[in-house]
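A quick write-up on the structure given underneath.
Please read all numbers here as calculations on a predicted model, not as lab measurements. Each chain gets a letter, A, B and so on, in the order the sequences are listed, and its residues count up from 1.
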2 protein chains.
Amino acid sequence: MQQTRLRRPRIADVAEAAGVSKAAVSFAFNNPERLKPETADRIRGVAIELGYRPHPVARMLSAQRTMTIGVLTPQPLSQVFANPFFAYFAEGVSSVTEEHGFGLLLISPLRGSLTRALDRATVDGVVALGLDENHPEIEAIRRASVPMVLVDAPGWVEHSSVQVDDEAGARAAAEHVVGLGHRDVLIIAVEGPVANPSPDEGPNGGREIGESVTARRLRGYLSALEPAGLEVGPGSIVVAPATFEGGEAAFLRAWEDGLRPTAVLAMSDALAIGALQASRHLRLRVPRDLSIVGFDDLPIGRFSDPPLTTVHQPVRRKGEEAARLLLDGLGAKAGSPAQHRMLKTRLVVRRSTAAAPARIGREEVGVGE
Amino acid sequence: MQQTRLRRPRIADVAEAAGVSKAAVSFAFNNPERLKPETADRIRGVAIELGYRPHPVARMLSAQRTMTIGVLTPQPLSQVFANPFFAYFAEGVSSVTEEHGFGLLLISPLRGSLTRALDRATVDGVVALGLDENHPEIEAIRRASVPMVLVDAPGWVEHSSVQVDDEAGARAAAEHVVGLGHRDVLIIAVEGPVANPSPDEGPNGGREIGESVTARRLRGYLSALEPAGLEVGPGSIVVAPATFEGGEAAFLRAWEDGLRPTAVLAMSDALAIGALQASRHLRLRVPRDLSIVGFDDLPIGRFSDPPLTTVHQPVRRKGEEAARLLLDGLGAKAGSPAQHRMLKTRLVVRRSTAAAPARIGREEVGVGE
DNA sequence: GCGGTTTACTGAACCGGTTTAACGGGCAGT
DNA sequence: ACTGCCCGTTAAACCGGTTCAGTAAACCGC
């Protein structure tokens, strides 16, 4: 019984101990029907006694597949997890990968490089979240030729994608707010996690609207706000990481800068709830003094006080669809054509929005300025 | 240029195309200083032209390490992600693994078996979350002989562990509530995610208190409640999954069963916020009619209305410590002795707790029953 | 012009499995 | 007794890298 546990036993050790070939041991585990039952039993017995487990890496190498899929994010994981959105997305992805017996590997930049991380990743396919055209390594990632499904990113012809109608959702939110009579609207945009606005890159220079999630939502907001005659200067757009704290800080900052919005359009529920908290600090009553609209419709929105008016997007389903698309693609031998899914958003009106307050006591009313 | 992209190019293809040996190609990537600079450049040029990337699995097999660590959870990932606690824990783990260049693999039961998932996992080590003694596969997991750090689980001599003083934290919460004069206390315990109570397994049969997180917290609560003369029957303990919805449903259920607590001790912040929402449905004012204490001190607790009184535990740091312990253990050649860290908890009093309401109009006062 | 050291590169072993083709022995059929 | 077939098992090739030991050529000093 006093085995010298110097190194992990390998298949050859088991074979020797059982007096059979390596092939027989392999069969005992993977094709028992090819062996006489008692031989298979004996081999398995010896294997257990020796504490043998097939080496998963060797198995992968031989099988030419890893039974693992990756979730790729352009941000460090510590940032990714700080955004509650991610948990629901991952819930969706994992529910289908798990069902099909796949493991889940998180892929985030390795020493600053996403490409390096991707090259090191032992996966059969990747679900890429929020990878936009402006990413510096985009070309290398494209070339990696790993089966990949893009989520919340501009579709590439060669890869399937899952998107959500961000623009329409955002427009609905803004129309709702305009319809309630609001004229002073603050937009809180997402920075970093999930979407990267990078407003002053791109060929057109200046304030270009790229195709990131943030950009699409912003376009949706503006498409309702501008026709209504509201002027949305750069001053009335603030940017924050998509966390509770981010939203709180962003609203307080705007307030200190002298902004006095009667409505807030936040690009995520986390931001909205942060703004809600900030408004409590400032003794603003929501929705009486201030209306707030979120985006995502995470469960937490139902649990705030007041419950949050928000744009619903099927976060979980986005994850599910992406995973399904990826697994389907892996199953299909030949290069099956890329598919592009566009999921719907819809406005969910709860109780964080109401008619704009009468404009008494606030600046001049009517003419001027 | 019209390369036949039948299969992924391998090192031998590059070697042939460049007119060198496989070894030279390998050196060009990993030990360029062993080659004449122009040779190395030429090889790399050919590699790029062919679109060659070293096969990560082959590399792992040869290197005998994966540069990946696993996070093991006894629940399916879709459940794990539903518990907001996990995101913060993962944030902690990933912040240190990332810094050391390790990838992160999520390990959850595969077709019902954790052992199977663990056997398939290509990791150098594992952080196991909430794995308690009663887990049916505990023996097999122990035998797996993968470096492992246990979190929120009874420490094993052979593995390092990170725990939190759940019992003291829970006691502090209960003492707080008792000190405020509450006599009717409802306990909402965690089921499933993170901790598995499994109350009627175990050698002692019946309602045994094992060593799961739930069990330790329960013991903490009782150690303050019982000396104060409160009777805590099984009726005043309800169980729910550690989610917002779980907490809401649990409180409503208790209320329908006729329970009229003046205080709630919830074993997680998610549960507490769910209960808070339920109390709003029931038109109970918190903290005037009902006091609520959470556990964890997640950021969301600061953003509820009223802000949540809760037991702080360093969730992020728990993840960090576990990852650090694991990586230290991997670094040390010999079997370094297991370390056991016990982190502190502390009560954070915010505004969801207040003195118990006077007992007028509720049942009989004074004598009897 | 010779021994000794570098330099630049290669051949082969190795990591630990899976799988294919083949092989020997026993048995049935003629 | 010989052919043909099936069964249980095995030898060897393969997956795609890394690395160790070794070698041939160039360089060095004397």
Side-chain angles (χ1 to χ4, degrees), chain A residues 6-44 46-47 50-68 116 119-124 144-146, chain B residues 6-44 46-47 50-68 116 119-124 144-146:
Chain A
L6 291 177
R7 71 179 192 310
R8 169 182 190 137
R10 14 173 217 198
I11 200 168
D13 300 327
V14 179
E16 191 183 6
V20 295
S21 68
K22 294 195 311 173
V25 179
S26 180
F27 288 147
F29 282 86
N30 307 316
N31 288 61
E33 69 279 6
R34 289 193 53 173
L35 261 33
K36 208 177 356 173
E38 52 264 39
T39 311
D41 286 346
R42 183 165 49 86
I43 293 177
R44 276 193 292 257
V46 172
L50 261 50
Y52 168 75
R53 305 178 307 129
H55 195 298
V57 176
R59 208 197 270 251
M60 277 182 184
L61 180 60
S62 183
Q64 294 290 78
R65 44 181 209 160
T66 63
M67 290 304 283
T68 304
R116 186 158 23 220
D119 284 348
R120 280 208 170 341
T122 54
V123 297
D124 293 334
S145 76
V146 175
Chain B
L6 292 176
R7 72 180 193 308
R8 169 180 189 139
R10 8 169 221 198
I11 198 167
D13 300 326
V14 178
E16 191 182 6
V20 294
S21 70
K22 294 196 309 172
V25 179
S26 181
F27 288 148
F29 281 86
N30 307 316
N31 288 60
E33 69 279 5
R34 288 193 55 174
L35 260 34
K36 212 184 340 181
E38 53 264 37
T39 311
D41 286 347
R42 183 166 48 88
I43 294 176
R44 276 192 293 256
V46 172
L50 262 50
Y52 168 75
R53 304 178 308 128
H55 195 299
V57 177
R59 210 197 267 253
M60 279 181 181
L61 179 61
S62 182
Q64 294 290 79
R65 43 178 212 164
T66 63
M67 292 303 283
T68 303
R116 185 158 25 218
D119 284 350
R120 278 205 172 343
T122 55
V123 296
D124 294 333
S145 75
V146 176

* To do: Look at all strands and tell whether A:Val20 reaches a base, only sugar-phosphate, or nothing, counting heavy atoms closer than 4.0 Å.
  => sugar-phosphate
* Between A:Asn30 (CG) and C:dT20 (P), how many Å, whole number? -> 13 Å
* Which residue lies toward the 5' end of DNA chain D, A:Pro37 or B:Ala12, if each is placed at its nearest nucleotide? -> A:Pro37
* To do: For B:Ser26, enumerate each residue passing the side chain to side chain contact (heavy atoms under 4.5 Å, CB included) test, keeping only those at least two apart in sequence or located in another chain.
  => B:Ile11, B:Asn30
* To do: Starting from the 5' end of DNA chain C, give me the residue, B:Leu35 or A:Arg53, whose nearest nucleotide shows up first.
  => B:Leu35
* Does a nitrogen or oxygen in the side chain of A:Ser26 sit under 4.0 Å from OP1 or OP2 of C:dT18? -> yes
* Structure fact -> When rounded to whole Å, the CG to C1' distance for the pair A:Leu61 and C:dC14 reads 13 Å
* To the nearest 0.5 angstrom, please state how far the CZ atom of A:Arg120 sits from the CZ atom of B:Arg53. => 11.5 Å
* To do: Using whole Å, report how far CD of B:Glu33 lies from C1' of C:dT7.
  => 13 Å
* Asked: Could you state the CG-P distance from B:Asp41 to C:dC9, rounded to the nearest angstrom?
  -> 12 Å
* Structure fact -> Ranking B:Gly19 and B:Gln64 by the position along DNA chain C of their nearest nucleotide, the one closer to 5' is B:Gly19
* Asked: Taking side chain as C-beta onward, heavy atoms only, is B:Asn31 less than 4.5 Å from B:Glu33?
  -> yes
* Under 4.0 angstrom between A:Ser62 side-chain N/O and C:dT19 OP1 or OP2 -> no
* Asked: Atom CG of A:Asn31 and atom C1' of C:dT18: how far apart are they, to the nearest Å?
  -> 9 Å
* Under the ring-ring contact (aromatic ring centres under 6.0 Å, His included) test, residues paired with B:Phe29 that sit two or more places apart -> B:Tyr52
* Smallest separation among heavy atoms of A:Met60 and A:Thr66, with atom names -> CE-O, 3.6 Å
* For chain B, the stretch of DNA chain D it reaches, first to last nucleotide, under 4.0 Å of its heavy atoms -> D:dC15 to D:dA21
* To do: Scan B:Tyr52 against the nucleic acid and name what it touches under 4.0 Å (heavy atoms): base, sugar-phosphate only, or nothing.
  => sugar-phosphate
* Asked: Which whole-number value in Å describes the distance from A:Arg10 CZ to C:dC14 C1'?
  -> 9 Å
* Asked: Can we say B:Asp13 and B:Arg7 salt-bridge, meaning some charged N sits less than 4.0 Å from an Asp/Glu carboxylate O?
  -> yes
* To the nearest Å, how far apart are A:Lys22 NZ and C:dA21 P? -> 18 Å
* **Salt-bridge contact B:Asp41-B:Arg44 (side-chain N to carboxylate O under 4.0 Å)** => yes
